[in-house]
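First the structure, in the form of structure tokens, and then the observations on it.
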Number of protein chains: 2
Amino acid sequence: MYELFFEEFNKKVPITAEEQEQIKHYLTPKKLRRKQYLLQEGDVCKFIAFVEKGALRAYSVDENFTENIIQFGLEGWTISDLYSFLTEEPAVYNIDALEDSELVLISKSAHEEMLQTIPKYETYTRLNITGAYLAMQRRITTIISSTAEERYQDFINLYPHIAQRVPQHMIASYIGLTPETLSRIRKKLSSGK
Amino acid sequence: MYELFFEEFNKKVPITAEEQEQIKHYLTPKKLRRKQYLLQEGDVCKFIAFVEKGALRAYSVDENFTENIIQFGLEGWTISDLYSFLTEEPAVYNIDALEDSELVLISKSAHEEMLQTIPKYETYTRLNITGAYLAMQRRITTIISSTAEERYQDFINLYPHIAQRVPQHMIASYIGLTPETLSRIRKKLSSGK
DNA sequence: CAAACCCCTTGATTTAAATCAAGGGGTTTT
DNA sequence: AAAACCCCTTGATTTAAATCAAGGGGTTTG
């Protein structure tokens, strides 16, 4: 139920069995069916979600109803609309499941209580958000200075297994391309040009 | 010398005069002249820099010697090659001053000691990196789903005063455009089209 | 089992932005 | 004070990617 969560936690901050028991009280398991929403835009985001099993995505929808995927959430990853979570303003992102999934949710009050009472949780959170920041910085660097093909290559190098679990059109959206362009790039790359 | 640093610190985490004195021991003031490097790619980044006064930029250089600006650093902001700082691998970014500047540097050892001994410093760091993450997430959302004009508008809305302190070609680089394109957008926007 | 849906690819055309070139004007350096 | 440099703009052309359209094939639903 929380196996992977504590495995990842211990990678970042080793904790005792006692601390683990303490933290468990703040965690809420949740299952999602494929295509089921975890968060819809306009609602306040009231949790941080850790993915024990499955795959999620976070995306915004623009005025042409185009979905822009900003984040995937696979096993071991954390996903949220963090701005909404922290400020309690309405979310701008939607989050739903790409396959049946099992999550560990941390509510706002649990989050704040643990920050106050469990120093290793604050360290875990700082390291988590630092890792997310670095991933995003790297991503911006790539997006700003790369061709479409380079973007796809970079994505595949970074996440070799995601392509098998996520539709091509979602990968295209995530890296800022159209599905047709991605299709042409894939053809070109596979024919060795 | 550390006035703005503690002002920003207290905004995030109020600290006592005693804690402030304690933290002061870990801080190192530094002045940079305009165009002077703080960091060059290939060197390990050994500090986190807080900008008391002035303006800096962080950028990478691609194989065509094109500079891609990933971050500006104005008063009140923190700037570093964080990946290099944390992993001690060679930096991929350069950081230099756009005007004469005064900084507060935090070395790796100071950073780690304060994390261990001053809980409010860990909170300050977590809140800092969380803010940076949210800014970057918002930026990725904009870059992926906007036209060139929308990108510039968004930049100007977010940072109305930066345009007066930073050359246009650097703003163009930061938002992923060429100077010529930015110039045409500015002309179009100012003529009310 | 058929209809409906979804994913992906391909071709043709359009378009937003890049690239290349040139020049005006202000600032900095010698 | 002049040369050198830098910033910015504009025009012309090219190009990478988007858009539009169409269709094949697999999966899901009724």
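Here is the naming used below: chain letters follow the sequence lines, and residue numbers restart at 1 for every chain.
For P29(B), the side-chain contact (heavy atoms from CB on, under 4.5 Å) partners are M1(B), Y2(B), not counting sequence neighbours. K24(B) pairs by the salt bridge (Lys or Arg N to Asp or Glu O under 4.0 Å) definition with E21(B), not counting sequence neighbours. Legend: residues meeting side-chain contact (heavy atoms from CB on, under 4.5 Å) with A163(A), ordered by chain and number and at least two apart, are I156(A), I171(A). By the salt bridge (Lys or Arg N to Asp or Glu O under 4.0 Å) test, R186(B) is found to be paired with no residue, residues two or more places apart in sequence or in another chain being considered. Under the side-chain contact (heavy atoms from CB on, under 4.5 Å) criterion, E102(B) pairs with K31(B), E52(B), K53(B), sequence neighbours left out. By the side-chain contact (heavy atoms from CB on, under 4.5 Å) test, L86(A) pairs with L82(A), T130(B), L134(B), sequence neighbours left out.
Pairs engaging residues 81-91 of chain B under the salt bridge (Lys or Arg N to Asp or Glu O under 4.0 Å) rule: E88(B)-K108(B) [sequence neighbours left out]. Pairs of residues two or more places apart, or lying in two chains, that qualify as salt bridge (Lys or Arg N to Asp or Glu O under 4.0 Å) and include a residue from residues 158-176 of chain A are E75(A)-R165(A), E99(A)-R165(A).
In this structure, NZ of K187(A) is placed 10 Å from C1' of dG11(C), rounded to the nearest angstrom. Whole-Å rounding puts the R33(B) CZ to dT28(C) P distance at 16 Å.
For N94(B) and E41(B), the side-chain atoms include at least one donor-acceptor pair closer than 3.5 Å.
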Quick one: side chains of residues 177-184 of chain A, donor-acceptor pairs under 3.5 Å with protein atoms, not counting sequence neighbours, listed by atom name and distance.
unit_1, atom_1, unit_2, atom_2, d
T178(A), OG1, T181(A), N, 3.4
T178(A), OG1, T181(A), OG1, 3.0

Could you write out each protein N or O paired with an N or O of nucleotides 4-8 of chain D at a distance under 3.5 Å?
unit_1, atom_1, unit_2, atom_2, d
dC7(D), OP1, H169(B), NE2, 3.4
dC7(D), OP2, H169(B), NE2, 3.3
dC8(D), OP1, Q168(B), N, 3.2
dC8(D), OP2, Q168(B), N, 2.7
dC8(D), OP2, H169(B), N, 3.3

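Secondary-structure annotation of DNA chain D gives the stems C:1-30 with D:1-30, with a stem taken as at least 3 successive Watson-Crick or G-U pairs whose two distances both fall under 3.5 Å.
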>> For nucleotides 15-22 of chain C, give me one character per nucleotide, 5' to 3': B if any protein heavy atom sits under 4.0 Å from the base, S if the only such contacts are to the sugar-phosphate, - if neither.
In response: --SBBBB-
